[in-house]
2 protein chains.
Amino acid sequence: MRRKSLNETQCPIARSLECVGEWWSLLIIRDALHGLTRFDEFQKSLDIAPNMLTRRLTALMESGLLEKRQYSVRPPRYEYVLTQRGRDLSPVLTTLLAWGNKHFAPEGPSILLADSQTGEIAEPVLVDKVTGREISAQAHRLVPGPAASEGMIQRLQHYQRQWDSHATTTDAHYHEES
Amino acid sequence: MRRKSLNETQCPIARSLECVGEWWSLLIIRDALHGLTRFDEFQKSLDIAPNMLTRRLTALMESGLLEKRQYSVRPPRYEYVLTQRGRDLSPVLTTLLAWGNKHFAPEGPSILLADSQTGEIAEPVLVDKVTGREISAQAHRLVPGPAASEGMIQRLQHYQRQWDSHATTTDAHYHEES
DNA sequence: CAGTATCCTGTCCGATACTG
DNA sequence: CAGTATCGGACAGGATACTG
């Protein structure tokens, strides 16, 4: 395949990007999460060339994020629906949305998340379901899982050392940036 | 620029992807979050061609995710450190990690997130900081923010209709139409 | 060590034309 | 409406050589 280094990588982030790294992928998933299912809905919404859309849809199906379903026999018509795997990308898109709102919306956000019942604006935060505490670089760290290879363990140890020294040496100027 | 449709888009997800859509970007940020700062640390960790690394680092600096800082005068040496904007990508990477663990680790995850104090495995979930409830497609929806254009409002209304019909046809029990 | 300078290939992506 | 076929351009990404 294209990037040999990744096939050897067990890094789940790299593996995830293998699926949704291409530019349109996440936007298609975004629209699918919004309920779009048909070819021309996607095309109009994304303003994407039809051949590109075909390619991306095919790739997403091969990755198991979308399923093609026939909804009409005559004429034969298909719709593209999210699998569970695709739906599970929702938190990724939500955090991406929050990040974009925070950093690329000088005149205020144009899209916000709201509670369906109360209508109140929601503020998405990542927390540890076990302890309820907010996930942070200080309070959490990465550890090797059951399937970690020897190389991965080394890598994580290396990271840990890097982070330790980084944290102690650069803590000072963290606070002086606005 | 390359994708004219996106410059017109106010979608914060699209704007975010404008920054980190390229393939290496998020992996570099991942390593930077782990404490890597120097050119050759990145290069060894990512196994990336040096010219590509230069290009990506430059792009990330132009997007305001990284800063170049001189840490030695003679010989002149620079390090690449995350800005606040770059550090704020951490939740995105964490959710991506969780997604990868869930869907692309048949023999179990190779990397997990753990509580630094207790060592307990953490389970990242996205919740609404206001209500404390978990963010879900059923309990939350997207609404136009203060800077939403007329087109964006239309778009969100369109999404809402799509989602309603989708929800009622596929999961009738979720939502009684009022 | 920390990159820069070239050159090359793959492919992402767009535009257009066409089909059942 | 729901795509497929074909062509071409831009650029991400790779390999290699070279520099202070």
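Each chain gets a letter, A, B and so on, in the order the sequences are listed, and its residues count up from 1.
Each of Ile28(B), Val92(B), Leu26(B) was compared with Val20(B) under the side-chain contact (heavy atoms from CB on, under 4.5 Å) criterion, and only Leu26(B) meets it.
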What side-chain donor-acceptor pairs closer than 3.5 Å can you find for residues 107-116 of chain B, not counting sequence neighbours?
unit_1: Ser110(B); atom_1: OG; unit_2: Gln10(A); atom_2: O; d: 3.1
unit_1: Asp115(B); atom_1: OD1; unit_2: Arg133(A); atom_2: NH2; d: 3.4
unit_1: Asp115(B); atom_1: OD1; unit_2: Gln117(B); atom_2: N; d: 2.9
unit_1: Asp115(B); atom_1: OD1; unit_2: Thr118(B); atom_2: N; d: 3.2
unit_1: Asp115(B); atom_1: OD2; unit_2: Arg133(A); atom_2: NH2; d: 2.6
unit_1: Ser116(B); atom_1: OG; unit_2: Gln138(A); atom_2: O; d: 3.4
unit_1: Ser116(B); atom_1: OG; unit_2: Ala139(A); atom_2: O; d: 3.1
unit_1: Ser116(B); atom_1: OG; unit_2: His140(A); atom_2: N; d: 3.3

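Criterion: ILVMFWY side-chain heavy atoms under 4.5 Å apart, direct or through other members. Under it, Leu82(A) and Leu142(B) are part of a common hydrophobic cluster.
dC7(D) atom C1' lies 15 Å from atom CE of Met52(A), rounded to whole Å. Straight-line distance from the CG atom of Leu36(A) to the P atom of dA2(D): 12 Å, rounded to whole Å. Here dC1(C) presents its P atom at 19 Å from CD of Gln70(B), a figure rounded to the nearest Å. Taking atom CD1 of Ile48(A) as the reference point, atom P of dG14(C) lies 6 Å away to the nearest angstrom. As rounded to whole Å, 15 Å separates atom P of dC13(C) from atom CH2 of Trp23(B). Glu41(A) places its CD atom 15 Å from the C1' atom of dG3(D), with the value rounded to the nearest Å. If you take CG of Leu57(A) and P of dC13(C), they are 13 Å apart, rounded to a whole angstrom. Rounded to whole Å, atom C1' of dT4(D) lies 11 Å from atom NZ of Lys68(A).
Contacts of Arg56(B) with the nucleic acid, taken as non-hydrogen atoms under 4.0 Å apart, involve only primed sugar atoms and P, OP1 or OP2. Within 4.0 Å of Phe42(B), counting heavy atoms only, lies no atom of the nucleic acid at all. Residue Arg38(B) is classed as a sugar-phosphate contact, given heavy-atom separations below 4.0 Å to backbone atoms only.
The side chain of Tyr80(A) approaches dG3(D) more closely than any other nucleotide in the set dC13(C), dG14(D), dG3(D). Residue Glu22(B) places its side chain closer to dA12(D) than to any other of dC1(D), dA12(D), dG3(D).
Considering only side-chain N and O atoms, Trp24(A) lies under 4.0 angstrom from the phosphate OP1 or OP2 of dG14(C). For dT4(C), one of the phosphate oxygens OP1 or OP2 lies less than 4.0 angstrom from a side-chain nitrogen or oxygen of Thr54(B). Close to dC1(D), at under 4.0 Å from its OP1 or OP2, lies no side-chain N or O of Tyr71(A).
For Tyr159(A), the ring-ring contact (aromatic ring centres under 6.0 Å, His included) test picks out His34(B), with sequence neighbours left out. Applying the side chain to side chain contact (heavy atoms under 4.5 Å, CB included) rule to Pro106(A) yields no partners; only residues at least two apart in sequence or on another chain are considered. With sequence neighbours left out, Pro124(A) forms a side chain to side chain contact (heavy atoms under 4.5 Å, CB included) with Thr94(A), Ala98(A), Leu126(B), Ile135(B). For Arg85(B), the side chain to side chain contact (heavy atoms under 4.5 Å, CB included) partners are Trp99(A), His103(A), Phe104(A), Leu65(B), Thr83(B), not counting sequence neighbours.
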Could you list the protein-to-nucleotides 16-19 of chain D atom pairs, N/O on both sides, closer than 3.5 Å?
none

Discussion item. Only Watson-Crick and G-U wobble pairs with both distances less than 3.5 Å should count. Give DNA chain D in dot-bracket notation, marking inter-strand partners with |.
Written reply: ||||||||||||||||||||
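Map Arg55(B) and Lys44(B) each onto its nearest nucleotide of DNA chain C; the residue landing nearer the 5' end is Lys44(B).
Screening residues 44-95 of chain A for ring-ring contact (aromatic ring centres under 6.0 Å, His included) gives no qualifying pairs among residues at least two apart or on separate chains. For residues 137-147 of chain B, no residue pair satisfies the salt bridge (charged side-chain N to carboxylate O under 4.0 Å, His left out) rule, not counting sequence neighbours.
Looking only at distances, no side-chain donor or acceptor of Arg30(B) sits under 3.5 Å from a matching main-chain atom of Leu93(B).
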